[in-house]
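What follows is a short report on a single structure.
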Protein chains: 2
Amino acid sequence: MAALDRSLISRLPLFQGLTPDEQSEILRDARSSRYAKETAIFEQEAEAHSFFVLIAGHIRVVRTTPDGQQVIARYISEGEIFGVAAALGRTTYPASAIAAVDCVVLAWPNALWPDLAGCFPVFGAATYRTVGTRLQETQTRVVEMSTEQVEQRVAHALLRLANQTGRKTDSGIEIDFPISRQDIAEMTGTTLHTVSRLLSKWEDNGIIVSGRQKVTVKDAHRLVVRAENRDKR
Amino acid sequence: MAALDRSLISRLPLFQGLTPDEQSEILRDARSSRYAKETAIFEQEAEAHSFFVLIAGHIRVVRTTPDGQQVIARYISEGEIFGVAAALGRTTYPASAIAAVDCVVLAWPNALWPDLAGCFPVFGAATYRTVGTRLQETQTRVVEMSTEQVEQRVAHALLRLANQTGRKTDSGIEIDFPISRQDIAEMTGTTLHTVSRLLSKWEDNGIIVSGRQKVTVKDAHRLVVRAENRDKR
DNA sequence: TCCTGAGTTTGCGCCAGCGCAAATTGTTCC
DNA sequence: GGAACAATTTGCGCTGGCGCAAACTCAGGA
């Protein structure tokens, strides 16, 4: 197996604060893999063996209920760490990770976590900062689900996607991976029918353009109005 | 200021795995405070200066939306660590912590976190395990809010409270701090009216007994049936 | 090119649960 | 003991959004 190149990670925020040598040392223990679109990097409830960093692509983190309903916990973008069960003392993954498009992923065996976090405290701290952010985001989502109407929640979800993974095009900000009405419904606790109706309405109003597994936000400003349920003249 | 006695923490899971000497050493940096019922230990958005362990009482962690609506993120029970913004690299508290009854709390300045976690890895690991559990619980709540009806969510919330903070009495499991219909509504994303109706119905069915700021679960088994929305003969 | 299947749109009817309002009950503090 | 307040209960009407069903549209493969 050829050694992995440091350039893979040197630009990622997670590894900032490490010297080039340290970056190379961390990489020595990593294994690189490709995952085809719609395949699983790991499955909910499975024994956690590794933690991961996404090098290229987009990943959907999904929780499935006992009766088979799915809820999308979050999307992972390039450069993010995920599957960090080890760092939090869990032995199984609480959700599944599915490649939303073809992906390249680095993996480290969980057994190395104590060493890595011990030898490179900056790396450990960055990871825990990420965990903190996610906890807070998840709580924000609970608050939204508790206090907002469906239209507001869907608007918020689109704005978040546009900010985190949006790609600027001449006609607006396009979400740069395939996302269906069903996916958006599973992010916001509603049905694909309701999402479809909302998107149709917004398209009529010129706020978005959308197609099959594709959404482009044309007027983020007016989408914010929907998200905050303000006066919609 | 008198030194704090090691017996305060020696029985807590969080400090298991530390020698008596280490426990005393950690305690040397702690400050003990009392908080009267309904007073704040810290406020949402405030600069995070300390992290805490609850020695006695019950604490409500609350998030308030810009327009003043409140959502209860969780309850903290005796022995739990909370306000761990420092460990997650945040500089402000993402929610307020309110004493649900008179409380005794230990506080450590945030500045000590790196030292403590470094010198006592067992303690750091236990904390991150707690964070992991909370992240998972919060995600479970998102799933519940997305997929369950109000009756199921309220039943789940009561069962969780009964398990975590229930006190066995001759008539059932009593939640051992004052909790209003409004509180339960803020935990489950509904209104106090709906909660009141549900509790009335369950009381008619002999599943619970409830009074002003008080709920006693008499038949947890039948409450599980409500939580899972199974056949309610 | 046509076929097939997945993704999407839209109409229609219904109902869980909210909002409002008023009555009632229990607690606390003079 | 009683006044004042906080918490709870309950009735009533309405509606946001779901469930079902059917039609439609697009992309990719044979």
Side-chain angles (χ1 to χ4, degrees), chain A residues 36-38 60 67-72 100-101 144-158 175 177-205 208-216 226-227 229 232, chain B residues 36-38 60 67-72 100-101 144-158 175 177-205 208-216 226-227 229 232:
Chain A
K37 183 172 171 176
E38 296 302 322
R60 196 167 65 230
D67 61 315
Q69 294 188 77
Q70 300 205 322
V71 174
I72 297 180
V101 295
E144 284 182 8
M145 300 276 311
S146 300
T147 63
E148 296 181 352
Q149 316 223 89
V150 168
E151 180 168 19
Q152 299 176 260
R153 301 206 301 266
V154 175
H156 268 134
L158 280 193
I175 295 167
F177 55 86
I179 184 165
S180 69
R181 309 291 182 265
Q182 176 70 36
D183 291 333
I184 298 176
E186 288 175 4
M187 299 180 66
T188 51
T190 180
T191 62
L192 80 165
H193 306 281
T194 299
V195 171
S196 176
R197 279 181 250 268
L198 284 172
L199 295 197
S200 296
K201 191 178 73 174
W202 292 341
E203 186 142 16
D204 289 348
N205 295 349
I208 64 167
V209 192
S210 75
R212 172 169 283 234
Q213 315 228 68
K214 186 164 88 62
V215 180
T216 304
R226 298 302 186 286
N229 198 24
K232 310 171 199 166
Chain B
K37 184 174 169 175
E38 296 302 322
R60 196 167 64 230
D67 61 316
Q69 293 188 77
Q70 300 204 323
V71 174
I72 297 180
V101 295
E144 285 182 8
M145 301 275 311
S146 298
T147 62
E148 296 182 352
Q149 316 225 86
V150 168
E151 179 169 16
Q152 299 177 260
R153 301 205 302 265
V154 175
H156 268 134
L158 280 193
I175 294 167
F177 55 86
I179 185 166
S180 69
R181 307 292 182 265
Q182 176 70 37
D183 291 333
I184 298 175
E186 288 175 5
M187 298 180 67
T188 52
T190 180
T191 63
L192 79 164
H193 307 281
T194 298
V195 171
S196 176
R197 279 180 252 266
L198 285 172
L199 296 197
S200 297
K201 191 178 74 174
W202 291 342
E203 186 142 17
D204 290 347
N205 294 350
I208 64 167
V209 192
S210 75
R212 169 168 283 234
Q213 315 228 69
K214 186 164 88 62
V215 179
T216 304
R226 299 303 186 284
N229 199 26
K232 307 169 199 165

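Naming convention: chains lettered A, B, ... in sequence-line order (proteins, then strands); numbering from 1 in each chain.
Ion pair B:E38/B:R60 flagged as a salt bridge, since at least one NZ, NE, NH1 or NH2 atom sits closer than 4.0 Å to an Asp/Glu carboxylate oxygen.
Under the side chain to side chain contact (heavy atoms under 4.5 Å, CB included) rule, A:M187 has a single partner from A:I179, A:V154, A:V71, which is A:I179.
Put simply, CD on B:E148 is 17 Å from C1' on D:dC18, counting in whole angstrom units. Taking atom CG on B:L192 and atom P on C:dC18, their separation rounds to 10 Å, with Å as the unit. If you take NZ of A:K214 and C1' of D:dT25, they are 15 Å apart, rounded to a whole angstrom. Atom pair A:D183:CG and C:dT8:P shows a separation of 8 Å (rounding to whole Å applied). As rounded to whole Å, 8 Å separates atom P of D:dG17 from atom CG of A:L198. One atom, NZ of A:K201, and another, C1' of C:dT9, lie 16 Å apart when rounded to the nearest Å. One can place CD of A:E38 at 13 Å from P of C:dA6, the figure rounded to the nearest angstrom. Taking atom CD on B:Q149 and atom P on C:dC18, their separation rounds to 11 Å, with Å as the unit.
In this model, the phosphate group of D:dT9 is approached by a side-chain N or O of B:R181 to a distance below 4.0 Å at OP1 or OP2. Applying the 4.0 Å criterion to OP1 and OP2 of D:dT8, one finds that B:S200 has every side-chain N and O outside that range. Residue B:T190 has a polar side-chain atom (N or O) positioned under 4.0 Å from OP1 or OP2 of C:dC18. For A:T191 and D:dC18, the shortest distance from a side-chain N or O to OP1 or OP2 is below 4.0 Å.
The minimum heavy-atom distance between A:R153 and A:T188, with the atom names listed, is NE-O, 2.9 Å.
Between A:I184 atom CD1 and A:L198 atom CG the span is 10.0 Å, to the nearest 0.5 Å. Residue A:E144 holds its CD atom at 5.0 Å from NE2 of A:H156, rounded to the nearest 0.5 Å.
Here A:S180 lies in heavy-atom contact (under 4.0 Å) with sugar-phosphate atoms only. Residue contacts for A:E151: at a heavy-atom cut-off of 4.0 Å it reaches no nucleic acid atom on any strand shown.
A donor-acceptor contact under 3.5 Å links the side chain of B:R212 to the base of D:dA6. For A:R197 and D:dG19, a side-chain-to-base donor-acceptor distance below 3.5 Å is present, hydrogens and geometry of angles not being considered. Scanning atom types as modelled, one donor and one acceptor separated by under 3.5 angstrom connect the side chain of A:H193 and the base of C:dT10.
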